[in-house]
Amino acid sequence: MTKNAEVARVLKEIGLLLEIEGKDKFKPLAYYRGVRSIASLGEDVETIAKRDALTDIPGIGKGLSEVIKQYLETGEVELLTELRTRVPVKALELDSIPGVGPKTIKLVYDKLGVTDLESLERTANEGKLSGLPGLGEKTQIQIIEGIKVVRAGLERTLLADAMLAAEGIENALRKLKVIKKLEIAGSTRRRRETIGDLDILVVATDPEAVMAAFVKSDGVSSIQAQGPTKSSVRLGSGLQVDLRVLPDDSFGAGLQYFTGSVDHNVRIRSIAQKMGLRLNEYGLFKGEKKVAGEDEEGIYKTLGLQWVPPELREDKGEIEAAQRGELPALLSKDDIRGDLHSHTDQSDGKNTIEEMLDAAQALNYEYYCVSDHTQSLTIANGMDESRLLKRIEEIDELNASGRWKMRILKGAEVDILADGGLDIEDCVLSQLDVVTVSIHSRMKDTKGTMTERVCRALENSHVHILGHPTGRLIGKRSEFEIDLERVFETAQKHHVVMELNAYPQRLDLNAGNLRAAIKMGLKIAVNTDAHRISELENMQFGVFQARRGWLTSNDVINTYHLKELMKAIKK
DNA sequence: GCCGTTTTCGGCCCGACTGTTTTCAGTCG
């Protein structure tokens, strides 16, 4: 696991405490910028620090780089320790409550001695919050509700779940005749791994009617806000959904604005400013005159930029590329010709091989690889050599049967053992079309051990793909401690492809890692790792993540025709 | 604290909504 999240938390806490002290309005903003920058870094911040290149990171200057260095070297930051002494509150915890910010934290600390979630909940339940200057009955109820949300751990939702919820609301709203246009914006449109809340934008002839219908949608558990152009509700699942009504000729500007990210928009805005223009959610203006806003393309074009695909809008070089007209032609779902990692009921899958093949055929794939687990993974009923040899024969027969137009590829997801060896003999591996190797055990190995282990596995001349390279489960399990740079170098040397596992909880590699991998010339396989028919649909999430990693079809081997694919993985 | 086609100082996105107000501060995205 990288130190990135940890460092981001330290910077966030400093920013919050500075804001709570209230001495400087802009210093905290600089810290928050640093937080976003570090949190979305593709590389380990520690590696960057060792290169002495922290100030190359956007938003990190002399001050923040010193703070980061101090933390990495000593595990503490003097400034933070001082701040905590002056304002002894659990700022991160309190700030995570919806509706509570630095000003409220300061108020309840000064007046009531509240320092954490527990004491805030107690004072709120005792009714002591209402009556404080600026705080009334309703705010008190809102805070109690907000604490429940935090306790339930519902701050962020997986993209797949958010998209499902969005679809439900979208379908319901589209039935209203007064709605002329509707788009899902925000981080869902940017296809981030997890979503804070849903942003829905509409153009409607009768905004009031839309708002009235929206707040009564199925699954709404509470209404946070309801105005003529903006309403906000919380679903039973905890997900917050914002709906905004825009004028028709501002829809593009609104979409651009509410798609974000903040950092991308700040840059776009400053480009507009330098051209003597002003950009807000209603349009791009020269003085009082609107010069663009109906669609996004017009806004970007007027600013001298190519239209930027939402997945790239993170201020990670996309603006410079768009200025030069050099944005990559990103991978699309239609480019995918097959899936190279899937399971059946031979190991821990839920469907038979025939059922999986029928489902894959329905996706018009040109090839499809069956890759069940191997023997060390006993919990998943992994196959030993004799079962695997039988499976190989079976697939030969299935190919010969002519029942499926696509080519069925013989594969396995082979376990990497503690010492980096594989749990299937080379003489059997050599009979497979696609050998994927993965870590499923000893996930707490030290960085050195894990790196050695994986690299040794990649040195085996029968290995084609490294499956879910960091092993993370979003929100559940961190990445292994592993030196990815060394893994990439080894893979490059031994001609091994990196997997982008499309499972919504995995999305492994992440976008930053993907970008680093292709920069080194590595190829990627976008695979579903499906354990049942329905999971073959997860390919879309892999494609989203690939796009966030700037991947083109050339970078992804399962966009190739069968012949080229076999050539590409040949050792 | 960061940054630079407004470059070593002086700005820093900005509008909507709520609650508690009587004109606005706080939060959010």
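Quantities reported herein were computed from a predicted structural model and do not represent experimental measurements. Chain letters run A, B, ... following the sequence lines, proteins first, then strands; residues in each count from 1.
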> For the side chain of A:T104, counting heavy atoms from C-beta on, which of B:dT27, B:dC17, B:dC14 is nearest?
Replying inline: B:dT27
>> The side chain of A:A225 is closest to which nucleotide in this list: B:dG1, B:dT18, B:dG19?
In response: B:dT18
>> Would you measure the distance from the P atom in B:dT18 across to the matching atom in B:dT8 and give it in whole Å?
In response: 44 Å
> Between B:dG1, B:dG29, B:dG26, which nucleotide gets closest to the side-chain atoms of A:R244?
Replying inline: B:dG29
> When rounded to the nearest Å, what value does the distance between C1' atoms of B:dC3 and B:dA16 take?
Replying inline: 29 Å
> Using a cut-off of 4.0 Å on non-hydrogen atoms, how would the nucleic acid contact of A:P102 be classed: base, sugar-phosphate, or nothing?
Replying inline: sugar-phosphate
>> Nearest whole Å is fine: how far is B:dC3 C1' from A:D263 CG?
In response: 14 Å
> How close or far is atom C1' of B:dT18 from atom CD of A:Q140, stated in whole angstroms?
Replying inline: 16 Å
> At under 4.0 Å between heavy atoms, what does A:Y282 touch on the DNA or RNA strands: base, sugar-phosphate, or nothing?
Replying inline: sugar-phosphate
> Taking the side chain of A:K62 as its heavy atoms from C-beta onward, which of B:dC2, B:dG15, B:dA16 lies nearest to it?
Replying inline: B:dC2
> Just checking A:I60: base, sugar-phosphate only, or nothing, at a heavy-atom cut-off of under 4.0 Å?
Replying inline: sugar-phosphate
> Say you draw a straight line from CD1 of A:I97 to CD of A:Q142; how long is it, rounded to the nearest 0.5 Å?
Replying inline: 11.0 Å
> Just how far is it from atom OG of A:S65 to atom CD of A:Q70, taken to the nearest 0.5 Å?
Replying inline: 11.0 Å
> A:I143 CD1 to B:dG26 P: how many Å, rounded?
Replying inline: 14 Å
>> Both A:E19 and A:M211 contact DNA chain B. Taking the nearest nucleotide for each, which residue is further toward the 5' end?
In response: A:M211
> Side-chain contact, heavy-atom cut-off 4.5 Å: A:F214 with A:Q226?
Replying inline: no
> With a non-hydrogen cut-off below 4.0 angstrom, is A:L64 in contact with a base, only sugar-phosphate, or nothing?
Replying inline: sugar-phosphate
> How close or far is atom C1' of B:dG1 from atom CG of A:L83, stated in whole angstroms?
Replying inline: 14 Å
>> What's the closest nucleotide to the side chain of A:K274 if the choices are B:dC13, B:dA16, B:dT6?
In response: B:dT6
> Can you check the A:E281 CD to B:dC13 P distance for me, whole Å?
Replying inline: 14 Å
>> Distance check needed: B:dG29 P versus A:H264 NE2, whole Å only.
In response: 19 Å
> Base, sugar-phosphate alone, or nothing: which one does A:P98 contact when heavy atoms must sit under 4.0 Å apart?
Replying inline: sugar-phosphate
> Among B:dT18, B:dA16, B:dC13, which nucleotide sits nearest the side chain of A:Q226?
Replying inline: B:dT18
> Out of B:dG29, B:dG19, B:dG1, which has the shortest distance to the side chain of A:Y31?
Replying inline: B:dG1
> Just wondering, do A:F26 and B:dC12 stack (centres under 5.5 Å, planes under 30°)?
Replying inline: yes
>> If you only use heavy atoms from C-beta on, which nucleotide in B:dC17, B:dG26, B:dG15 is closest to the side chain of A:K103?
In response: B:dG26
> For B:dT8, which nucleotide is its Watson-Crick or G-U wobble mate, given both distances must be under 3.5 Å?
Replying inline: none
>> Can you measure A:Q142 atom CD to B:dG19 atom C1' for me and round it to whole angstrom units?
In response: 9 Å
>> Between A:K69 and A:E66, does any NZ, NE, NH1 or NH2 come within less than 4.0 Å of an OD or OE carboxylate oxygen?
In response: yes
> Are A:R313 and A:E296 close enough for a salt bridge, meaning some N to O gap below 4.0 Å?
Replying inline: yes
> When you check the gap from the basic side-chain N to the acidic O, do A:E320 and A:R267 get nearer than 4.0 Å?
Replying inline: yes
> What integer number of Å spans the P atoms of B:dC12 and B:dT5?
Replying inline: 16 Å
> Can a side chain N or O of A:S231 be found less than 4.0 Å away from OP1 or OP2 on B:dC17?
Replying inline: no
> Can you check whether A:K138 has a side-chain N or O nearer than 4.0 Å to OP1 or OP2 of B:dG19?
Replying inline: yes
> Rounded to whole angstroms, how far apart are CD on A:Q224 and P on B:dC28?
Replying inline: 11 Å
>> If you assign each of A:L279 and A:D242 to its closest nucleotide in DNA chain B, which residue comes earlier from the 5' end?
In response: A:L279
> What's the spacing between A:T259 OG1 and A:E311 CD if we round to 0.5 Å?
Replying inline: 10.5 Å
